[in-house]
Amino acid sequence: MKTYSYYPGCSQLSSAEEYGESALRVSEKLGFRLETLPDWNCCGASSAHMTNHLLALSLPGRDLAKARERGGDLVVVCAACYHNLKKAQAEILEDPSVAARVERIVGADPRFEGRIVHLLDVVAEEVGLEALKEKVVRPLEGLKPVSYYGCLMVRPRGMIENDDPDNPRLMDDLLSAMGAEVKKWSYKTDCCGGSLSLTRTDVVVKLVNRIFEAAEEADANCIVVACPMCLANLEMRQSEGRLAFRLEHDLPVFFFTELMALALGMEGPEEWFAKHLVDPRPLLYAKGLA
Amino acid sequence: MAEEKKTTAKGKARAKRVEEKDKVKAGKPESTGGAPVGAVMVVGGGVGGIQASLELANLGYKVYLVDSSPSIGGVMGMLDKTFPTNECSMCILSPKMVEVASNINIEVITLADVLSVEGEPGDMRVRLRIRPRYVDIDKCTGCGDCTAKCPVKIPDPYNAGLDMTRCIRVPFPQAVPGAAVIEGEVCRYINKGKCGNCVKVCQAGAIDFEQKEKEEIYSVGMVIASPGYKPFDASRKTEYGYGVYDNVVTSLEFERILGANGPTQGHVVRPSDGREVKKLAFVQCVGSRDVTVGNGYCSSVCCMYATKQALIAKEHLSSIEPTIFFIDMRAYGKDFEKYYVNAEAKFGVRYVRGLVSGIRERQRTKNLLLRYADEDGCTREEEFDLVVLSIGLEAPCGLKEGLGVEVNGYGFAEADSFLPVLSSKPGVLVCGAAQEPKDIPDTVTQATAAAGMASQALHGARNTLLTRREHPPERDVSGEEPRVGAIICRCGSNIGGFVDVPAVVEYARGLPGVVFAEERLYACSQDAQEWIRQVVDEHKLNRLVVASCTPRTHQPLFRETLQSAGVNKYLFEMANIREHCSWVHMKEPENATRKAQYLVKMAVEKARRLEPLAEGESEVIPRGLVIGGGVAGMNAALNLARSGFQVYLVEKEGELGGLARNIRFNRDGADVQEYLRGLVEAVEREELITVFKGHRVVDVSGFVGQFKTLVRDGEGRETLLEHGAVIVATGGGQYQPAEYRYGEDGHVLTQWELEERIAEKDGSLKEAKRVVMIQCVGSREEERPYCSKVCCTEAVKNALALKELSPSTEVFVLYRDIRTYGFREDLYREAREAGVVFVRFDDDARPEVREVAGALQVRVPDANLGNETVVLNADLVVLSVGVTANPDNAELAPMLKVPRNAEGFFLEAHMKLRPVDFATDGVFVCGLAHAPKSIEESVAQAAAAAARAESVLCKDRIVTEGVVAVVDAERCSGCRICVELCPFEAITYDADRRVAVVNPSLCKGCGTCTAACTAGASRLQGFRSDQIFEQIEAAASAWWD
Amino acid sequence: MINALSTALEKEVEERSGEKPRLCYQCGKCSTGCLFNFAMDILPHQVMKLVQYGQRERLLGSHTIWICASCETCTARCPNDIDVARVMDTLRAMALEGGVAPAERNIPIFHRCFLGNIQATGRISEPVLMGAYKTLSGDLFSDIGLAVRMLKKGKIKLIPSVVRGSREVRRIFREAKE
Amino acid sequence: MAEESATRNEDDIRILAFLCNWCSYAGADLAGVSRLQYPAKVLDVRVMCTGTISPYFVIKAFQEGMDGVLIAGCHIGDCHYLKGNYMTAKRFQVLREALKFLGIEEGRLRLEWVSAAEGEKYAEVIRSFTEEIEKLGPSPLRRKRAEVGA
Ligand SMILES: Cc1cc2nc3c(=O)[nH]c(=O)nc-3n(C[C@H](O)[C@H](O)[C@H](O)COP(=O)(O)OP(=O)(O)OC[C@H]3O[C@@H](n4cnc5c(N)ncnc54)[C@H](O)[C@@H]3O)c2cc1C
Ligand SMILES: Cc1cc2nc3c(=O)[nH]c(=O)nc-3n(C[C@H](O)[C@H](O)[C@H](O)COP(=O)(O)OP(=O)(O)OC[C@H]3O[C@@H](n4cnc5c(N)ncnc54)[C@H](O)[C@@H]3O)c2cc1C
Ligand code: SF4
Ligand code: SF4
Ligand code: SF4
Ligand code: SF4
Ligand code: SF4
Ligand code: SF4
Ligand code: SF4
Ligand code: SF4
């Protein structure tokens, strides 16, 4: 079984436990293994680079050094981690003086030369959409999702390798392959304001609300994400938006891995769904999917 | 088996033909020893290549015009209208294409790529790969029957892929060659051996699946590269959702949407649902001025074409509300600024400064959401029905690989910094957008210049490879009853959209003498000319009336067609139902239709009374006169001399050089003074040039081929010069500022004054801690409502030079728009990189220069900071003063019988297609006399003017118009009034016969004598009184009908 | 009115960020694309301009630098390839270092808590982060309902996960301070 | 005929314009190219130069029932043929006098200088001339013609 180094990210251990779990289990089901990087640390999220650039290189630097030791590619599931690790990697590999500085700070060689890939890409590469289609036992009929990548996964320029940075299609294709009726919309890569969620809730509520309005206009009945921060922020802030902006109803938000597990007929989804702040089960019951 | 045999037999026949052809092509006659080959290959058949080819053929060379696509025409052939005159693009290009097609000295080679170019100027060998067309051009009539039956649909490249055509098709109605082409990759027969429908339906037997790719070598004297440009691929700017959102289109697609011959017949509707567009947005600089896609340069044309498209869209549908999102409005060319200002003030085009960051789509309506900052800096989100991306121009393929010329970092041809048609490779000239993004007039100018430069190298072989065209013998129509054919042109929707064309046709059919009347979509297209010849023949027509556009542009084409049908070309009359009717009565279609009918009636009545006329010939004095010894004038003179002609160069000052004497270095850093010295020296050394310094022109008489010009020096001594052509290069001046304390404070300078100090490495500059430059001084104002074009680049150039001299000097440039078009944008970026600070101010909130405590202080409201005042204490204030017209032009214009525009610059014959000609034959213009422009543009234009003059001087004789006066000896009373009146001294009195006699080569056909002749003996051919009386009667009676 | 211009700030920003705000030609793409612009007092393109004008106090004391959420939309869209977000990062760092009173009170506190959390345990633990933030910001009551819901759903893990090498992480923090 | 609509009536005025090829005809072209709108009551005759325009042309036009005649040429000094327009200007005065004998009001004949660059001016001339003739109404000669039933 092909094995990848895996960087879970902080949320997967707590608020987004269901994401971490489904990611691991779905991978296994699809025939590859994610092996958690030993003793990884937080990538620093936005706070690091927002205030101290060197820190923003060194925190991921330590993780990169570990990945280097392990060799192979590194799989990430959180868009923020993905962004930070990839940016740090690029800067380290590009500028030898930066690499040297980080090496000094971290005390290990951070020049990780393998690929840093998001689980989405791994699924597409390892399994392929056609093969996935065949593995589906419970087509996601009745689900009308819009896919949401958030801002960090596609930035900076050139971050996304084989997809359109402003209209990425991979998640759409994946969901379509599993039988969902994916809706077109233009908000896939809009920022949801996650990093200000606690501090300027007023600002964030407006942004989140925009996203939900757009999803409704697109006739979607759920949003699918590939990032724990996005999910947390979208779930946390949409109810407030609903009050403030008189939206009709809450839209459930899924991790793409949860829906994969569902479509592949695996155990576990029910339990994960129960953890969502916006309970997706009524929708799934209505569509006969749970 | 049988088939195979046929194949080989056919194959052999072709091989033989190729060989024979090769012999002709490898046609450097051995006997002439080292003499150059009198043929030129032009690579790229856009408007640039077409122009160069026509000029070259006219100058006496055989031309091979090569295009990689199946038809010539380039991008201009896809455009609907052209700025800044909004003329129909196809209408002005098509006649040229027709001319190419009918010129036997131009061989069009399509579907061909250049593999290599070798040799020396005068003796070049070009290897071409010619792809199969699968249709025999000589047999195909362009009927289109095959297209109707072809099962394979492909997106129509001519319509920018907006709709579908078939695998076999004629590229577009006006295509040259007007033959079908098969897309080999998708044809069913070629790929699967099935179908062959086209073979079955083609009555002409034109389909030829045997054609194979082949390589051929051509021997020519020079090569002109004009492969144009590639439109930027908009899907690379992913934030705009091109290819994702249905209602985001490129400007080229929108051009087709506007086109009457386009996929929507000119209706401005949305691709998603065919709904009429109301809110229309343009996003500028898509793929230009953008280092992230590798295109740091400005594409030069998109600001203007967006303005044009907005105007045309509004013209099609007045309810449309166009908005243009832009950074700097680059309206720098002749009359562009007025075009832009009018678009905003008079036609309600909304301009919003600032680009939109991205585009979002509303799912239900497919409307598009654009966020922008309004005037108060507040962000707004607005919905639009359609968004047009103003895509930039990218370098074409084949410059480096095939043609072997050096290219710059962007892939455009590297060029000489004083004469940009010279490429890095001797023997290969370059013109048009392939050298730098540019508009049609500049392309045409460069193409003409390139033709002139080619001729300079090859003039020893002029006429050696030329074939002369024989027209069929003229049918004798005297004694025949008039049989008039009337052709009513729709001009796409230009006429057809406002005039009920079928009703006009019907009306024409009822007119006396009319035996044939039909309408055409484009009467001037190549296939229409063929058709006209047919109907003339079929219906034994002996008079032709075309009701279409203005005879000023199209009469020559139709006359030529008539002549080639064996009918005297003066048996032709035009009714102008476009400029004088459909376009000026757009809101009253019924009246327009009626007026069109009356105009047709007038034309028919006149045509019935037309008679065949004979043309005269006159000799050409093979000498040129150039007025003005600036950079433009000297170059023009030198070019003419180097092509072997004697030149008089008249300069009013005691010294040659003109304004360029004030310019020290150009934007490339090249030393202008050194260049100028070299130029003056070359002029003075050149034996064929006679310089008249300190002379002015006091009188000009004569006509093309035979001018007489009187020049006078300061002491009143006069010299009479006789010459065949005139080039006006009288230049311009510098605006004398009275604003911003200029003249009051010694620290306020003009750019020239600063440049001088920079060049002299003036020590005081290093002490200047802060220099503030102010743009648009004296330009873009009420009295001078034009952009001076050179001052933005000049300021940036000098700012950079200052920074180089003393990096610690702070330089601020206060501007309205930075107009560093083309590669000048690189200079602008370099200046920013070097730390020059650019501060934008609004038109109505100008900077102020004050004196505060003995020091200069500039206060400028920064438009990007909501007009917050920025206070700059300055050690030097530098004014970027504009270009003014030469006041002498007023006195020269009437002498030369040429017009000026409102600002006092000379007005060319046609902005797009005849940028260096005047309507008066034999008189040409270049340099600042025409409009503000940089040195290299002046030099290119000078080369173009010289080429045009050469085309007059290289002929032994000039055919004169048939429209001349004749005096009916029977009637002439011998009063001699006409003799006195004729302004051209064309009438003499024959004392023996006691009658007045007209010399047809002197007569210009003004008709002054005819109006004055008391006996009615003098008549102007083609405008005889009886003919005009018929027109008057027709006009009046039409109304009475 | 902008009076005392200086080019010093531009230089400092460039040295620290590697970005050149002076390349900006004020196309406005950064500002029109910024989803947070409604909450900003100085728009991103104006930030570029004011950096050129050397308006240090105005910038370091602005709301903008804190409101900016580092989404990098501006950066992705800038035709001059200026990493606008990075300039924002730099200005924030300069404000922190320069001890300029931040116009946004809570945002810097949040960042401090966040990084403090990592410094302590190597990873983020939401209850620790939230607790610290709420205490320091004094914003005790908002989101209480949310927290309760999250606890109920088992979304908040009360026992934080700790990196074994947390000492290494602390070292990184020390060293990265320069 | 279908297009025989209500807009057409006996009081409609008609104007004949003589335009010189080099300036005014080109100016009219420019008006077209610029899409300037003016009333459709003018039919034009292209002549090479206003100098060609014999007084008979003008008289003939009025005799045939035109209500107004416009002569437009290059500005004085700009004539393609040097002084054709100058001749016209001189001739024009005489012509106007002559027309009075025929009972034609002065205002019905107009002379204008319109250059190739003056599309705007051309349109304006047509607008104002049309207005003026509309005020004057059908020409007396036309009325006379109608009376005799020509
Ligand atoms: C949307 C749009 C609107 C515009 N509107 C205007 C306007 O209103 N007014 C104006 O003045 N300008 C306008 N322009 C600019 C105008 O198109 C150019 O100035 C003009 O077409 C340049 O002519 P060209 O002959 O240099 O190149 P092109 O028109 O590009 O012609 C090049 C020709 O060369 C051929 N070719 C290319 N590569 C090769 C090769 N390697 N070998 C052989 N042949 C080759 C091509 O097939 C083509 O036929 C517009 C441009 C665009 C995109
Ligand atoms: C303020 C200003 C700044 C400029 N800056 C730049 C720049 O930075 N870079 C750049 O590339 N270009 C610049 N230019 C443009 C540049 O000067 C011209 O393109 C170039 O000099 C070519 O001019 P010309 O030969 O057409 O006219 P001129 O240089 O004006 O030459 C005309 C000549 O004709 C003579 N002449 C005039 N009338 C008569 C007459 N009636 N009879 C006989 N002789 C006559 C004059 O004496 C003069 O010698 C600038 C122009 C101006 C006005
Ligand atoms: S190939 Fe034949 S059928 Fe097709 S257009 Fe030519 S002549 Fe007509
Ligand atoms: S043979 Fe090819 S070109 Fe001809 S009709 Fe069939 S598909 Fe079309
Ligand atoms: S500024 Fe230059 S590149 Fe941008 S739209 Fe205008 S002409 Fe095109
Ligand atoms: S009116 Fe007819 S002839 Fe004239 S340009 Fe248009 S299509 Fe050609
Ligand atoms: S400074 Fe000169 S070139 Fe620039 S916009 Fe003004 S007039 Fe035009
Ligand atoms: S038409 Fe008469 S007046 Fe005019 S140039 Fe000819 S002969 Fe002379
Ligand atoms: S990074 Fe900051 S300034 Fe840039 S778009 Fe995002 S929030 Fe706005
Ligand atoms: S996008 Fe870049 S160039 Fe445009 S205003 Fe912003 S920083 Fe300046």
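Within every chain, numbering begins at 1; the chains are lettered A, B, ... in the order of the sequence lines, protein sequences first and strands thereafter.
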Within a reach of under 6.0 Å around CD of C/E97, are more than 12 heavy atoms found that belong to other residues, nucleotides or ligands?
yes

Distance col, row B/L865:CG vs C/Q55:CD, nearest 0.5 angstrom, shows 9.0 Å

Distance, nearest 0.5 Å, that separates CD of C/Q46 from CG of B/D862
8.5 Å

Atom group of B/V839 that falls short of 4.5 Å from chain C, counting heavy atoms
both

Please report the C-alpha distance between B/E830 and C/R22 in whole Å, then the side-chain angles of each, then the deciding distance to 0.1 Å, and finally whether the salt bridge (Lys or Arg N to Asp or Glu O under 4.0 Å) criterion is met.
CA-CA 10 Å; B/E830 272 170 47; C/R22 59 176 183 245; over 6 Å; no

Using a cut-off of under 4.5 Å on heavy-atom pairs, state which of B/E810, B/K237, B/Q284, B/R380 scores highest against chain C.
B/E810

Quick check for you: to the nearest 0.5 Å, what is the distance between B/L355 atom CG and C/S31 atom OG?
11.5 Å

Checking B/F325 against chain C: side chain, backbone, both or neither under 4.5 Å from a heavy atom?
neither

So for C/C34, is it side chain, backbone, both, or neither that comes closer than 4.5 Å to the heavy atoms of chain B?
backbone

CD1-CD distance between C/I2 and B/E868, expressed to the nearest 0.5 angstrom
4.0 Å

Using non-hydrogen atoms only, which part of C/I42 is less than 4.5 Å away from chain B: side chain, backbone, both, or neither?
neither

Side chain to side chain contact (heavy atoms under 4.5 Å, CB included) between B/I327 and C/Q26, worked out:
CA-CA 7 Å; B/I327 312 173; C/Q26 298 283 303; over 6 Å; no

Given a strict heavy-atom distance threshold of 4.5 Å, which part of B/R859 is in contact with chain C: side chain, backbone, both, or neither?
side chain

Nearest 0.5 Å, what's the OG-CZ distance between B/S357 and C/R77?
4.0 Å

Tell me yes or no: between the side chains of B/R371 and C/T32, is some donor less than 3.5 Å from an acceptor?
no

Pairs of heavy atoms under 4.5 Å with chain B: top-ranked of C/C27, C/C24, C/A76:
C/C27

Region of C/L43 in contact with chain B, defined by heavy-atom distances below 4.5 Å
side chain

By a 4.5 Å heavy-atom criterion (distance strictly below it), what part of B/E825 contacts chain C: side chain, backbone, both, or neither?
side chain

Determine whether B/V837 and C/L5 satisfy the following criterion, side chain to side chain contact (heavy atoms under 4.5 Å, CB included), listing intermediate values before the conclusion.
CA-CA 11 Å; B/V837 182; C/L5 280 97; over 6 Å; no

Quick one: what part of C/I82 sits under 4.5 Å from any heavy atom of chain B, side chain, backbone, both or neither?
neither

What I'd like to find out is whether the side chain of B/T379 reaches to under 4.5 Å of the side chain of C/F38, using heavy atoms alone.
no

May I ask you to say whether C/K20 pairs ionically with B/E833, meaning some side-chain N is under 4.0 Å from a carboxylate O?
yes

Is any side-chain N of the basic residue among C/E10 and B/R832 closer than 4.0 Å to the acidic one's carboxylate O?
no

Selection from C/K29, C/K49, C/Q52 maximising heavy-atom pairs under 4.5 Å formed with chain B
C/K29

Okay, C/C30 and chain B: the region with an atom under 4.5 Å from a heavy atom over there is neither

Portion of B/Y828 that has a non-hydrogen atom of chain C nearer than 4.5 angstrom
side chain

Determine, for C/Y25 and B/R289, whether the Lys NZ or Arg CZ falls below 6.0 Å from the six-membered ring centre while staying within 45 degrees of the axis.
yes

Is it the side chain or the backbone of B/R770 that comes within 4.5 Å of chain C heavy atoms, both, or neither?
side chain

Chain B contact via C/N37 - which portion, at a heavy-atom distance below 4.5 Å
side chain

Which atoms of B/E381 approach chain C - backbone, side chain, both or neither, heavy atom under 4.5 Å
neither

